[in-house]
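The residues of the chain are indexed from 1 along the displayed sequence.
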Amino acid sequence: MTQVAFHFNVEDRLHHSCRLVRKGIAAGTSLVVTGPWDVLDQFDRALWALSATEFLPHCRASDSDSLVQKSSVLLCESLTGIAARDVLVNLGQTAPDGFEVFPRVIEVVSTDEAERGPARLRWKHYAQAGSELVKHDLGARAAP
């Protein structure tokens, strides 16, 4: 069964996702990050800008097979033809087709209401699919 962890009330969705990827790489985890290409382009740039002293190895699914196999993080718009890795990070507005082959999925949701509505629909989709749902409310950390 796939475990789906929702990280709610995140101030900066891309920055938080980069930090999750950094943590995953440090733990030896292989990841796939999926979403629309415009968001993945922004995420790619954010990975490069996260730290001046470290490199977070990543590539696109369209890169050479040898590069894809060597990279800890794979960026792709669709999961079609993508081999499962340890974790899937979804930056899209819908639950990606094929998420079930991943042991863990992470959904990052900002405080923006335009993101929260689709996140509620994804939550329902994952619940109906029988996934184990986990909620991390990052807004609660900021409360006094």
Side-chain angles (χ1 to χ4, degrees), residues 1-139 141:
M1 172 188 332
T2 299
Q3 180 192 73
V4 182
F6 277 79
H7 293 224
F8 285 105
N9 296 316
V10 173
E11 283 189 37
D12 184 331
R13 187 173 185 224
L14 291 181
H15 181 72
H16 183 78
S17 298
C18 286
R19 289 181 37 231
L20 290 172
V21 165
R22 177 200 288 157
K23 185 177 177 182
I25 290 171
T29 302
S30 61
L31 302 100
V32 171
V33 181
T34 189
W37 280 123
D38 61 326
V39 175
L40 292 175
D41 284 340
Q42 293 172 36
F43 183 71
D44 180 37
R45 288 191 298 276
L47 283 174
W48 284 102
L50 186 63
S51 171
T53 59
E54 68 182 318
F55 171 67
L56 300 178
H58 64 283
C59 70
R60 294 179 181 270
S62 58
D63 289 337
S64 71
D65 287 341
S66 63
L67 186 58
V68 167
Q69 291 175 6
K70 292 177 188 176
S71 295
S72 301
V73 180
L74 181 63
L75 309 180
C76 60
E77 186 175 34
S78 166
L79 299 179
T80 302
I82 302 298
R85 293 187 177 200
D86 301 319
V87 177
L88 171 65
V89 178
N90 182 29
L91 297 178
Q93 293 296 310
T94 61
D97 291 335
F99 77 89
E100 306 88 356
V101 301
F102 291 83
R104 291 184 58 218
V105 175
I106 299 176
E107 292 277 351
V108 180
V109 185
S110 76
T111 55
D112 182 356
E113 194 56 41
E115 286 184 24
R116 296 173 68 80
R120 289 182 191 100
L121 294 176
R122 291 193 306 276
W123 178 281
K124 288 178 186 177
H125 178 83
Y126 292 126
Q128 290 173 347
S131 298
E132 174 190 351
L133 298 172
V134 178
K135 181 179 179 181
H136 300 285
D137 186 351
L138 279 71
R141 294 182 188 172

So does Ser131 get a backbone contact from the side chain of Thr2, meaning a donor-acceptor N/O pair under 3.5 Å? no
Measure from the side-chain N and O atoms of Ser71 to the backbone N and O of Leu74, and report whether any donor-acceptor pair falls under 3.5 Å. no
So how far is it from Ile82 CD1 to Thr34 OG1, rounded to the nearest 0.5 Å? 8.5 Å
Taking the six-membered ring for Trp, are Tyr126 and Phe99 parallel (under 30°), tilted (30 to 60°) or perpendicular (over 60°)? perpendicular
With rounding to the nearest 0.5 angstrom, report the CG to CZ distance, Leu40 to Arg45. 11.0 Å
Can you check whether Leu79 reaches Asp97 side chain to side chain, under 4.5 Å on heavy atoms? no
Greater than 12 external heavy atoms within 6.0 Å of Arg104's CZ: no
Any Phe6 side-chain heavy atom under 4.5 Å of Arg122 side chain: yes
Interatomic distance, CG@Leu133 vs CD@Gln3, rounded to 0.5 Å, equals 9.0 Å
Here the pair of heavy atoms bringing Val101 nearest to Ala84 is O-CB, 3.3 Å
So, do His15 and Leu50 sit near enough that their side-chain heavy atoms are less than 4.5 Å apart? yes
Tightest non-hydrogen contact, residues Ser51 and Arg22, listed as CB-NH2, 4.3 Å
Could you tell me whether the side chains of Asn9 and Thr111 share a donor-acceptor contact shorter than 3.5 Å? no
List the atom of Cys76, the atom of Trp37, and the distance in Å for their closest heavy-atom pair. CA-CH2, 4.2 Å
Considering all heavy atoms, the nearest Val32-Arg85 contact: CG2-CD, 3.7 Å
Side chains of Asp41 and Arg60 in contact at under 4.5 Å (non-hydrogen atoms): yes
Decide yes or no for Leu56 and Val73: does some side-chain heavy atom of the first lie under 4.5 Å from some side-chain heavy atom of the second? no
Over all atoms of both residues, closest heavy-atom pair of Pro96 and Leu88: CG-CD2, 3.8 Å
Look at Glu113 together with Arg120 and state whether they make a salt bridge at an N to O cut-off of under 4.0 Å. yes
So do His58 and Val21 actually touch side chain to side chain, heavy atoms under 4.5 Å? no
Please report the closest heavy-atom contact between Ala95 and His125, naming both atoms and the distance. CB-CD2, 3.3 Å
Of Val134, Asn90, Val105, the one forming a side-chain contact (heavy atoms from CB on, under 4.5 Å) with Val4 is Val105
To the nearest 0.5 Å, what is the distance between NE2 (His7) and OG (Ser17)? 9.0 Å
Under the 3.5 angstrom rule, does the side chain of Arg13 hit a backbone N or O of Leu91 as a donor-acceptor pair? yes
Going from OG on Ser72 to CG on Leu31, what distance comes out if it is rounded to the nearest 0.5 angstrom? 8.0 Å
Rounded to the nearest 0.5 Å, how far does CG of Asp63 lie from NZ of Lys70? 12.5 Å
